[in-house]
Amino acid sequence: MKLLEYESKELFRAHRIPVPPSGGVIRSLAQLPAALRRAGKGPWVIKAQVLAGGRGKAGGIKMARTSVEARQAAKSILGMTLVTHQTQGQGLKVSEVLIEGGAKIEREIYLSVVMDRKACGPTIIASAEGGMEIERLAAEKPEAILRQSVDPGTGLPDFAARRLAFQLGLPPQHIAGFCHLVRSLVWLFLEHDCSLVEVNPLVLTPNGLMALDGKVVIDDNALFRHPELAKRQDPELSSLERAAKKADLSYIGLDGSIGCMVNGAGLAMGTMDTIVLAGGRPANFLDVGGAADEARVTKAFQLILKDPKVKAVLVNIFGGIVKCDMIASGILAALKKVKLGVPLVVRLQGTNVEKGRALLAHAKVNIIPAEDLWDAARKAVEVAR
Amino acid sequence: MSILLSKESRLVVQGFTGGTGTFHAKQCLEYGTNIVAGVTPGRGGTVHLDRPVFNTVFEAVRQTGADVSLIFVPAPFAADAVLEAADAGVAVVICITEGIPVLDMARVKRVLDASARAGVRVRMVGPNCPGVITPGECKAGIMPGYIHKPGRIGIVSRSGTLTYEAVYQTSQQGLGQSTVVGIGGDPITGSNFVDILELFEGDPATDAVVMIGEIGGSAEEDAARFYRERMTKPVFGVIAGRSAPSGRRMGHAGAIIEGGLGTHASKVKALREAGVIVVKNLNEIGATVARVLKKKASV
C-alpha cells in the first residue's frame, strides 16, 4: 500500500525526521488561508497529493511568494488531472493539496530504504546527486549511488550511518544530524513493515537536514500488524478493484476487451499472455482463488461484467483440489443470477473434468467450450471481435 | 532418486489439526505420503488422522524421527513455525502459508543462511507455494496428486496452477516428472531457482527441467547465469506476465515490475542468451519438451 506524501511525512514527523513546516492538506480553496497561516510566513509550496513521481514537471507543484500567488496555484492544482511519466498515459485527479513552508536549499541528496530481494533484507540507497530520478541516475551514473545493507533484526549501526554521511560528503556539523535521520528512517521502515521509504530530495538548509518529499510503501502482507493503516482506503484502486478487494478477489483492471476469470495468479497471468499471443487483449487480471465456489464465481462474473469494455468472457480453471464438476455447477448457478450479455468461453481442466464438461454441455446456456488454453484464447479473441 | 522428497521421507505437519492442515494432510496420506506426526501447540498427547500430535516440533522430531516439515500455520505465526522446524533439526521445511510479511521472511532467511554457513543446512521451500511432490513416492503440499506421473522431468515454479498446467502437459506427453517444486510467489523465498536447479543438475533421476518464472525480481536472470556456467541438462523456461503492466502487483507479492526491473523482456533475453529453451506459448510446454528430448535422443 502506497502512502501519499503528506501521510508519509506524518510518519517522518512521528520518527523525528525533520520536514518543512506544514499547513496541512486542503480539499477546497476555502481552506487555503488557514493552511497558509499554519505553514508560517511565505514563500509556500503548493503540492498535488497523488501517487506518482514527476509531479513538478507536470505542473502539480508550485511555489508562491504571496497569498495571491498561493491562491492562483492552489486553484490551478485542485481538481486538475495530472499526467506524469509514471501514470502510464492516464491522468490522476487531484483532490488533495499539501501546503508547506518553503526551505532554503543548499544541497539535495537522495536517500531511501528499500526491501532488497537479493540481499534478503532492507538496503539503504543514497546519492549525493539528489533531486534526480533514481532509476535514471542508476542507469547514467551508477558510480554515484551508495548502498548499505541493513540487518532486519537490529537496524543500522552508528558506524555504518557515519560512513554513509562521510561518503556523501556532508559538512562536519551535519554528520550527527544525518546519522540520526538515517537511523530513524531505518526504524520507521522496520517498525511499519515497509517495502520502501524514500526521501527525494533530502535537503541541506542553513538549519540542518530536512525531508522535502516523502514516499512510503507498506507491505500488504503485514497490514494485520498495522490496523490503523489497514483501515485506510487505498487511493490507487479503482472502484471495481475496491469492490474486488472487499470480496477477497484479486482483480486488476486493464484496457482490453476480454474479461478473464482464472484460478491462481500465475495461470491468470499466463492466460492474459496467451490471449495477447492469440491477437486479443485482456480486460482484467482476476484470480478467483483456489476455492472457486459458486459465491466467488458469481462475484467474479459481476465484477468482470461491470466493465463496459468487456466483449467476451474467458473462464480458465485448472481444477486441483477443487473439482471441475463443482466449478461447472458454480458457473451455472452464477449465470442464473448474472445477466451475461456477451459470449462466454470456458476451459476446464483437472479433477473430474469430464463430469464438469458434461454439466456445461447439457445446460441450457450458451457456453463455448474449449479444449485447452490456446483453443480457449483463440475462441475468446474471435468472439470478442 | 529424486530431490528433496522420497519414499523414505518422514513428515511432520505443523498446523496439523486446523481446517486447512487437516484437509491437505488427509490428501497427502491418501497419496501415500509417510506422515509420522503433527504439531499443534496445546494439542500434544492427542491423536489426529491416526497420527500422534505434539506440542512442539522438537518433541515430534525426537519421538518420531521426522525429517521433513510441512507448514499450514496461519501467516502471522508462520515465520516462527519455520524457525521452530529448523531449530528442531529437520532437513527440509515446506511452507504452504500465503501472506507472510516480507520482513518476517527476511529475518527467517538470515537465520537459515547463518545456520548453513555454520554447517547445518536446512532447505526451506516456499512460502506461498503449492509444495513439493515426487510422483508415486511422496506428496508434501496442496497439488492434485493424480495429474502427476513418475518420470524424468524436473519442474520448478513460482506459481501454483501454472505448475499444474506444466505437470499436466508433461504427463499427457507420457514424460512424467522426477520431482515438482513450487518455490512460491513471494519476494523472498526459502529456495530460489538456482538452489533447485542445482539439485536437479545433481539428480540422476532427472533428465531435463521445466522452469516456470514470472515478472518481478531477478531470480530468473540469476537462474540464466547459473545455467550458462554450471548446468549440462536442458532447461525449458516459461515466463508469465508478458502482458502485465508495470507498477501493478499481479496477485503474487513478488510479481511486480518496479523501476523498470524484473520485466518479461529482460528475463526472456537473459534465458535465451544463456541457452535456455524459452517456451512462448504456455500451451506448448509439454509438446516442446517432448520434441526437443526426442531430437536429442535420436542424435
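Protein chains get the first letters and strands the later ones, always in sequence-line order, with residue 1 at the start of each.
Closest approach of B:Gly241 and A:Asp273 over heavy atoms only: N-OD2, 2.7 Å. Smallest separation of non-hydrogen atoms from B:Ala240 and A:Gly266: CB-O, 4.1 Å. Considering all non-hydrogen atoms of both residues, A:Phe318 and B:Tyr168 come closest at CZ-CB, 3.5 Å. Heavy atoms only, all atoms of each residue included: A:Lys118 and B:Ser218 are closest at CE-OG, 3.7 Å. Smallest separation of non-hydrogen atoms from A:Gly264 and B:Thr161: CA-OG1, 3.3 Å. Nearest approach of A:Pro152 to B:Leu103, heavy atoms of both residues: CB-CD2, 3.9 Å.
Atom CZ of A:Arg117 and atom CG of B:Asp186 lie 9.0 Å apart (nearest 0.5 Å). Put simply, CD on A:Gln349 and CD1 on B:Ile147 are 9.0 Å apart, with the number rounded to the nearest 0.5 Å. Here CG of B:Leu282 is found 11.0 Å from CG of A:Asp372. Values are rounded to the nearest 0.5 Å. In this structure, NZ on B:Lys280 lies 11.5 Å from OG1 on A:Thr274, to the nearest 0.5 angstrom.
Interface residue A:Met272: backbone and side-chain heavy atoms are both found under 4.5 Å from chain B. For chain B, no part of A:Glu371 is nearby; none of its heavy atoms comes within less than 4.5 Å. Contacts of B:Asp113 with chain A are absent, with no heavy-atom separation under 4.5 Å from either backbone or side chain. Of the atoms belonging to B:Arg110, it is side-chain heavy atoms, and not backbone ones, that fall under 4.5 Å from chain A. Contacts between B:Ile239 and chain A at a heavy-atom distance below 4.5 Å involve the backbone alone (N, CA, C, O). Contact of A:Leu223 with chain B is not made at all, since no heavy-atom distance falls under 4.5 Å.
A heavy-atom distance below 4.5 Å is not found between the side chains of A:Ser195 and B:Val102. When side chains are defined from C-beta on, B:Arg242 counts as touching A:Leu277, because their heavy atoms get closer than 4.5 Å.
In summary, A:Arg225 and B:Asp104 engage in a salt bridge, as defined by a charged side-chain N under 4.0 Å from a carboxylate O. Salt bridge annotation for A:Arg347-B:Glu165: present, with a cationic side-chain nitrogen under 4.0 angstrom from a carboxylate oxygen.
A:Asp219 places no side-chain N or O within donor-acceptor distance of the main-chain N or O of B:Pro101, the cut-off being under 3.5 Å. In this structure, B:Tyr146 contributes its side chain and A:Thr351 its backbone to a donor-acceptor pair below 3.5 Å.
Other residues, nucleotides and ligands contribute only 12 or fewer heavy atoms inside 6.0 Å of the CE atom of A:Met326. Counting non-hydrogen atoms of other residues, nucleotides and ligands closer than 6.0 Å to CZ of A:Arg242 gives a total above 12. The environment of NZ in A:Lys141 is sparse: at most 12 heavy-atom neighbours from other residues, nucleotides or ligands sit within 6.0 Å. Within a 6.0 Å sphere centred on CD of B:Glu84, heavy atoms belonging to other residues, nucleotides or ligands number more than 12.
Taking B:Ala75, B:Gly160, B:Ser159, B:Pro76 one by one and counting their heavy-atom pairs under 4.5 Å with chain A, the maximum is reached by B:Pro76. The choice from B:Glu214, B:Met105, B:Arg158 that makes the most heavy-atom pairs within less than 4.5 Å of chain A is B:Glu214.
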Exercise for review: In sequence, state the C-alpha distance, the side-chain angles, and the governing distance for A:Leu373 and B:Gln169, and then conclude on side-chain contact (heavy atoms from CB on, under 4.5 Å).
Suggested key: CA-CA 11 Å; A:Leu373 188 49; B:Gln169 288 180 28; 6.0 Å; no
Exercise for review: Could you go through the side-chain contact (heavy atoms from CB on, under 4.5 Å) check for A:Met115 and B:Ile188 one step at a time?
Suggested key: CA-CA 10 Å; A:Met115 181 52 84; B:Ile188 298 180; 4.0 Å; yes
